[in-house]
Amino acid sequence: DTAVSQTPKYLVTQMGNDKSIKCEQNLGHDTMYWYKQDSKKFLKIMFSYNNKELIINETVPNRFSPKSPDKAHLNLHINSLELGDSAVYFCASSPNLYEQFFGPGTRLTVL
Amino acid sequence: GENVEQHPSTLSVQEGDSAVIKCTYSDSASNYFPWYKQELGKRPQLIIDIRSNVGEKKDQRIAVTLNKTAKHFSLHITETQPEDSAVYFCAASIRQGTYKYIFGTGTRLKVLA
């Protein structure tokens with residue numbers, strides 16, 4: 001029974017397209033995050049939501065728009081995809097201010 | 001700005017030997033320090049963590065030490081096994097409205113059989 005799940009696992013698309021990644025957690029956690037892991041494996045936070053409210057918004061291009069329909073879901077929509085958006089995107093959730101549990105990741109390739 | 005430095009970037013050890021990975025953080029207000037293990041193509045998994053009111057924590061072959069004065073923390077793996085081979089990330093939790101992680105740059109550990 002997967003705790004933090006993401007879809008799709010792989011996403012290959014052309015430059016300029018718009019795509020979405022979905023994340024769901026069944027742990028009852030209040031806080032969810034999006035991270036980007038680039039080709040050098042650097043992990044960097046993008047967004048955080050607490051109970052559907054945006055609380056962290058790093059210096060991410062406004063082509064990236066997170067949406068949290070409820071506290072169990074945090075989706076990421078990306079407009080006008082660019083080559084540099086190619087990366088693995090991880091969703092995570094946290095029950096408190098400490099531990100974070102990661103989803104399996106979505107490998108996005110922009111051609 | 002906030003920063004976490006991690007060393008070494010790669011580490012090769014013989015099976016059975018110990019491995020030590022070190023991190024330094026910049027924000028003295030950081031109060032929580034997790035370590036994650038990431039196997040190839042997999043998600044980062046929390047393996048051990050330490051809070052700022054504790055100097056050392058151990059879980060079987062894994063231990064973490066924290067020196068708040070020096071703003072250093074380290075991961076120690078004893079009796080390494082081939083399945084310990086992975087990329088290890090340290091992180092420091094800082095408060096910015098809410099708490100967020102700043103990750104180190106990762107250490108690729110290879111345990112040679």
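Chain naming here is simple, since letters A, B, ... match the order of the sequence lines and numbering starts at 1 in each. The model shown is predicted, which means the values in this text are computed figures rather than measured ones.
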Checklist entry - Who among A:R107, A:K40, A:E58 has the most heavy-atom pairs with chain B under 4.5 Å? => result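 Most pairs with chain B among the choices: A:E58.
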Once rounded to the nearest 0.5 Å, what's the spacing between atom [atom1] of [X] and atom [atom2] of [Y]?
{"X": "B:F103", "Y": "A:Y35", "atom1": "CZ", "atom2": "OH", "result": "5.0 Å"}
{"X": "B:S9", "Y": "A:K41", "atom1": "OG", "atom2": "NZ", "result": "14.5 Å"}
{"X": "B:Q38", "Y": "A:F102", "atom1": "CD", "atom2": "CZ", "result": "8.5 Å"}

For [X], does the [atom1] atom have more than 12 heavy-atom neighbours from other residues, nucleotides or ligands under 6.0 Å away?
{"X": "B:E15", "atom1": "CD", "answer": "yes"}
{"X": "B:K22", "atom1": "NZ", "answer": "no"}
{"X": "B:Q81", "atom1": "CD", "answer": "yes"}
{"X": "B:E83", "atom1": "CD", "answer": "yes"}
{"X": "A:L111", "atom1": "CG", "answer": "yes"}

Next on the checklist: Report, in residue-number order, which members of residues 42-51 of chain A are under 4.5 Å from chain B by heavy-atom distance.
Outcome noted: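 So far as heavy atoms go, A:F42, A:L43, A:I45 are the residues that approach chain B to under 4.5 Å.
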Next on the checklist: With a strict 4.5 Å heavy-atom criterion, list every residue of residues 86-94 of chain A that contacts chain B, or say none.
Outcome noted: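 At a heavy-atom separation under 4.5 Å, chain B is reached by A:F90.
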Checklist entry - Which pair of heavy atoms, one from A:G103 and one from B:R43, lies closest together, and at what distance? => result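 Minimum heavy-atom contact is O-CB, 3.1 Å.
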Checklist entry - Which heavy atom of B:L46 sits nearest a heavy atom of A:E99, and at what distance? => result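 For B:L46 versus A:E99, the nearest heavy atoms are CD2-CG, 3.7 Å.
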Is it true that [X] and [Y] fall in one hydrophobic cluster, defined by side-chain heavy atoms closer than 4.5 Å?
{"X": "A:L108", "Y": "A:L76", "value": "yes"}
{"X": "A:I21", "Y": "A:L81", "value": "yes"}
{"X": "B:W35", "Y": "B:V54", "value": "yes"}
{"X": "B:V20", "Y": "B:I47", "value": "no"}
{"X": "B:I50", "Y": "B:Y36", "value": "no"}

Next on the checklist: Is B:P34 in contact with chain A via its backbone, its side chain, both, or neither, using a 4.5 Å heavy-atom distance?
Outcome noted: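 Answer is neither: B:P34 stays 4.5 Å or more from chain A.
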Next on the checklist: Can you tell me which portion of B:T105 sits under 4.5 Å from chain A's heavy atoms? Options are side chain, backbone, both or neither.
Outcome noted: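 Its backbone and side chain both get close to chain A.
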Next on the checklist: Has B:Y101 got a side-chain atom pairing as donor or acceptor with A:Y98's backbone, closer than 3.5 angstrom?
Outcome noted: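 A pair under 3.5 Å: yes.
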Item to check | Atom group of A:Q37 that falls short of 4.5 Å from chain B, counting heavy atoms | outcome: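 Answer is side chain: those atoms of A:Q37 sit under 4.5 Å from chain B.
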Item to check | Proximity breakdown for A:Q100 and chain B, heavy-atom pairs closer than 4.5 Å | outcome: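 Interface part for A:Q100: both.
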